Amino acid sequence: MKSFEHNGTDLESGTEKERNKSTRSSTKGVKLQNPALLSGLAYCISSCSMILVNKFMLSGYDFNAGISLMLYQNLISVIIVSVLSFLGVISTEPLTWKLIKVWLPVNVIFVGMLVTSMFSLKYINVAMVTVLKNVTNVITAVGEMYLFSKHHESRVWTALFLMIISAISGGVTDLTFHAVGYAWQIANCFLTASYSLTLRRVMDTAKQYTKSGNLNEFSMVMLNNTLSLPLGILLIFIFNEVDYLLKTPLLRVPTFWLVMTLSGFLGLAISFTSMWFLHQTGATTYSLVGSLNKIPLSVAGILIFKVPTSLENSASIFFGLLAGVFFARAKMQERS
């Protein structure tokens with residue numbers, strides 16, 4: 001989700017290089033000739049649509065079972081990837097017990113990341129979610145410094161400082177402020193950063209337990225989503241969503257199921273379009289477009305859901321989005 005926003009969907013995590021390397025080996029007999037513009041547009045549409053649809057499901061329908069929604073979306077992804085693998089369109093690694101044991105810790109973080117994202121979207125407007133997600137970059141940068149001894153340039157730290165200021169000022173001026181929602185979003189930032197930092201190490205170890213010696217994006221999607229199913233079922237009982245599901249009339253509404261199924265397809269679409277876009281361009285362009293993509297997403301979130309806002313809050317949101325673009329540019333220059 002971002003990663004992805006879902007299924008590893010819009011994760012600004014530093015695994016772009018691994019995705020780029022594995023893209024060519026993840027398909028069998030499929031050669032895409034479309035230009036970079038089309039792939040970038042597909043990625044932007046799918047990632048924006050995923051967040052907006054999830055927000056609509058949780059707030060518009062007032063659906064109070066975010067874990068169940070995540071579980072259904074992941075099930076859709078597993079079914080689609082399994083069918084494509086069976087037909088020979090893509091290749092995936094078999095799920096051996098050794099591979100599962102290595103991957104399980106990072107999968108627990110992955111599920112936590114998705115669940116907290118669902119809970120935060122229930123209470124916070126889309127624009128503030130996109131700004132608060134910048135905190136993930138700050139946590140990741142600090143984690144890289146301590147875990148991998150990576151030193152960042154002053155421009156990167158300046159951008160990270162601006163992100164913190166924008167997040168604080170955005171929260172203070174948020175007319176729809178909800179303490180529970182902000183708590184879930186902060187937890188999501190820590191889990192997303194942990195997923196990014198943990199994934200780098202686990203991927204190298206997991207490759208040793210695969211037949212091909214590699215772990216492409218489709219295999220990671222299959223691993224994450226398959227392993228998330230039993231954990232998701234357990235969380236449904238822990239958070240007592242079963243009683244709610246048995247009572248809610250929403251499960252008897254055909255349009256609700258249609259939108260929920262669409263969200264599952266969108267979650268997987270982010271994985272495919274991000275791989276396609278990376279293959280057509282590169283990690284630096286991917287990162288920059290991901291930051292620029294938040295600007296129309298924030299505007300759409302405010303307009304579609306009619307979020308009450310003020311000049312101060314709008315300025316804080318815009319400031320945070322610009323800080324994200326500045327961060328992406330700083331990272332690009334840092335790599336060069």
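All values below come from the heavy atoms of this structure, side chains included, with hydrogens, waters and symmetry mates left out. Here the structure is a predicted model, which means the values were calculated and not measured.
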S.K.: Going by the rule side-chain hydrogen bond (donor to acceptor under 3.5 Å, both in side chains), which residues pair with Tyr182 if we only count those two or more places apart in sequence or in a different chain?
M.R.: Asp174
S.K.: Measuring from atom CD1 of Ile165 to atom CZ of Phe319, what distance do you get when rounded to the nearest 0.5 angstrom?
M.R.: 7.5 Å
S.K.: With Ile51, which of Val129, Ile270, Val126 fulfils side chain to side chain contact (heavy atoms under 4.5 Å, CB included)?
M.R.: Val126
S.K.: Where the side chain of Thr198 meets the backbone of Tyr195, is there a donor-acceptor pair that is under 3.5 Å apart?
M.R.: no
S.K.: Go through Ser196 and Thr140 one step at a time and tell me if the side-chain hydrogen bond (donor to acceptor under 3.5 Å, both in side chains) criterion holds.
M.R.: CA-CA 7 Å; Ser196 168; Thr140 303; 4.8 Å; no
S.K.: Go through the structure and list residues passing side chain to side chain contact (heavy atoms under 4.5 Å, CB included) with Thr210, not counting sequence neighbours.
M.R.: Glu93, Leu99, Ser212, Leu215
S.K.: Show your working on side-chain contact (heavy atoms from CB on, under 4.5 Å) between Asn224 and Trp103 and close with a plain yes or no.
M.R.: CA-CA 8 Å; Asn224 269 334; Trp103 199 264; 2.9 Å; yes
S.K.: From Leu104 CG over to Ile100 CD1, what is the distance, rounded to the nearest 0.5 angstrom?
M.R.: 8.5 Å
S.K.: If hydrophobic clusters are built from ILVMFWY residues whose side chains come within less than 4.5 Å, do Phe177 and Leu175 share one?
M.R.: no
S.K.: What about Phe161 and Val135, same hydrophobic cluster or not, with Ile/Leu/Val/Met/Phe/Trp/Tyr joined at side-chain heavy-atom distances under 4.5 Å?
M.R.: no
S.K.: Can you list the residues that meet the side-chain hydrogen bond (donor to acceptor under 3.5 Å, both in side chains) rule with Lys55, with sequence neighbours excluded?
M.R.: Ser59
S.K.: Have a look at Asn125 and tell me which of Asn313, Thr176, Thr130 forms a side chain to side chain donor-acceptor pair (under 3.5 Å) with it.
M.R.: Thr176
S.K.: Answer whether the closest heavy-atom distance between the side chains of Thr116 and Gln185 falls below 4.5 Å.
M.R.: no
S.K.: Can you list the residues that meet the side-chain hydrogen bond (donor to acceptor under 3.5 Å, both in side chains) rule with Ser166, with sequence neighbours excluded?
M.R.: none
S.K.: Whether the side chain of Asn107 engages the backbone of Phe110 through a donor-acceptor N/O pair (distance < 3.5 Å, no angle test) should be reported.
M.R.: no
S.K.: For the residue pair Thr136 and Thr192, confirm or rule out a side-chain donor-acceptor distance under 3.5 Å.
M.R.: no
S.K.: Hey, which of Ile76, Leu250, Leu69 is the one that makes side chain to side chain contact (heavy atoms under 4.5 Å, CB included) with Met260?
M.R.: Leu69
S.K.: Pairs in or reaching into residues 103-131: which pass salt bridge (Lys or Arg N to Asp or Glu O under 4.0 Å), with residues at least two apart or in two chains?
M.R.: Asp62-Lys122
S.K.: Could you measure the distance from the OG atom of Ser117 to the CG atom of Leu191? Nearest 0.5 Å is fine.
M.R.: 10.5 Å
S.K.: Val111 and Met70: side-chain contact (heavy atoms from CB on, under 4.5 Å), yes or no, with the steps?
M.R.: CA-CA 9 Å; Val111 172; Met70 176 213 71; 4.2 Å; yes
S.K.: Just wondering, do Leu229 and Leu71 contact through their side chains at under 4.5 Å, heavy atoms?
M.R.: yes
S.K.: Side-chain contact test, heavy atoms from C-beta onward, threshold under 4.5 Å: evaluate it for Gln73 versus Met118 and give yes or no.
M.R.: yes
S.K.: Any side-chain heavy atom of Ile317 sitting closer than 4.5 Å to one from Leu321?
M.R.: yes
S.K.: Are more than 12 heavy atoms, taken from residues, nucleotides or ligands other than Phe318, located less than 6.0 Å from that residue's CZ atom?
M.R.: no
S.K.: Distance only, no hydrogens: is a donor on one side chain within 3.5 Å (strictly under) of an acceptor on the other, for Ser228 and Asn74?
M.R.: yes
S.K.: Pairs in or reaching into residues 132-152: which pass ring pair (Phe, Tyr, Trp, His ring centres under 6.0 Å), with residues at least two apart or in two chains?
M.R.: His152-Trp157
S.K.: Would you indicate whether Lys98, at its atom NZ, is surrounded by more than 12 heavy atoms from other residues, nucleotides or ligands within a distance under 6.0 Å?
M.R.: no
S.K.: Enumerate the ring pair (Phe, Tyr, Trp, His ring centres under 6.0 Å) contacts for residues 291-314, please, sequence neighbours excluded, ordered by first and then second residue.
M.R.: none
S.K.: Side-chain contact, heavy-atom cut-off 4.5 Å: Leu95 with Thr226?
M.R.: yes
S.K.: By side-chain hydrogen bond (donor to acceptor under 3.5 Å, both in side chains), which residues pair with Thr158, not counting sequence neighbours?
M.R.: none
S.K.: Identify the two heavy atoms, one from Gly143 and one from Leu197, that lie closest to each other, and give their separation to 0.1 Å.
M.R.: CA-CD1, 3.8 Å
S.K.: Determine, stepwise, if the pair Ile67 / Phe119 fulfils side-chain contact (heavy atoms from CB on, under 4.5 Å).
M.R.: CA-CA 9 Å; Ile67 301 174; Phe119 286 164; 3.9 Å; yes
S.K.: What orientation do Phe277 and Tyr43 show, parallel under 30°, tilted 30 to 60°, or perpendicular over 60°?
M.R.: parallel
S.K.: With sequence neighbours excluded, tell me which residues meet side chain to side chain contact (heavy atoms under 4.5 Å, CB included) with Val253.
M.R.: Thr255, Phe256
S.K.: For Tyr72, is the OH atom crowded, meaning more than 12 foreign heavy atoms sit under 6.0 Å from it?
M.R.: yes
S.K.: Check step by step if side-chain contact (heavy atoms from CB on, under 4.5 Å) holds for Lys294 and Val325.
M.R.: CA-CA 9 Å; Lys294 290 180 179 180; Val325 175; over 6 Å; no
S.K.: With clusters defined by side-chain heavy atoms of hydrophobic residues (ILVMFWY) lying less than 4.5 Å apart, directly or transitively, does Leu147 cluster with Phe190?
M.R.: no
S.K.: Run the salt bridge (Lys or Arg N to Asp or Glu O under 4.0 Å) test against Arg155 and tell me which residues pass, sequence neighbours left out.
M.R.: Glu153
S.K.: First locate atom CG of Leu266, then atom OG of Ser77, and finally report the distance between them rounded to the nearest 0.5 Å.
M.R.: 10.0 Å
S.K.: Tell me whether the count of non-hydrogen atoms from other residues, nucleotides or ligands lying under 6.0 Å of OH in Tyr244 goes above 12.
M.R.: yes
S.K.: For residues 72-84, which residue pairs qualify under salt bridge (Lys or Arg N to Asp or Glu O under 4.0 Å), counting only residues two or more places apart or in two chains?
M.R.: none
S.K.: Between Leu303 and Val299, is any pair of side-chain heavy atoms under 4.5 Å apart?
M.R.: yes
S.K.: If you measure from CD on Glu144 to OG on Ser149, what distance do you get to the nearest 0.5 Å?
M.R.: 11.5 Å
S.K.: Could you see if Leu251 belongs to whatever hydrophobic cluster contains Val259? Use Ile, Leu, Val, Met, Phe, Trp, Tyr and a side-chain cutoff under 4.5 Å.
M.R.: yes
S.K.: For the CH2 atom of Trp257 and the CG atom of Leu262, what is their distance to the nearest 0.5 Å?
M.R.: 14.5 Å
S.K.: Identify every side-chain donor-acceptor pair in residues 78-88 under 3.5 Å, counting partners at least two apart or on other chains, and give the distances.
M.R.:
| residue | atom | partner | partner atom | Å |
| --- | --- | --- | --- | --- |
| Ser82 | OG | Val78 | O | 2.6 |
| Ser85 | OG | Thr92 | OG1 | 3.1 |

S.K.: Over 60° means perpendicular and under 30° means parallel, so classify the ring planes of Phe218 and Phe272, tilted if in between.
M.R.: tilted
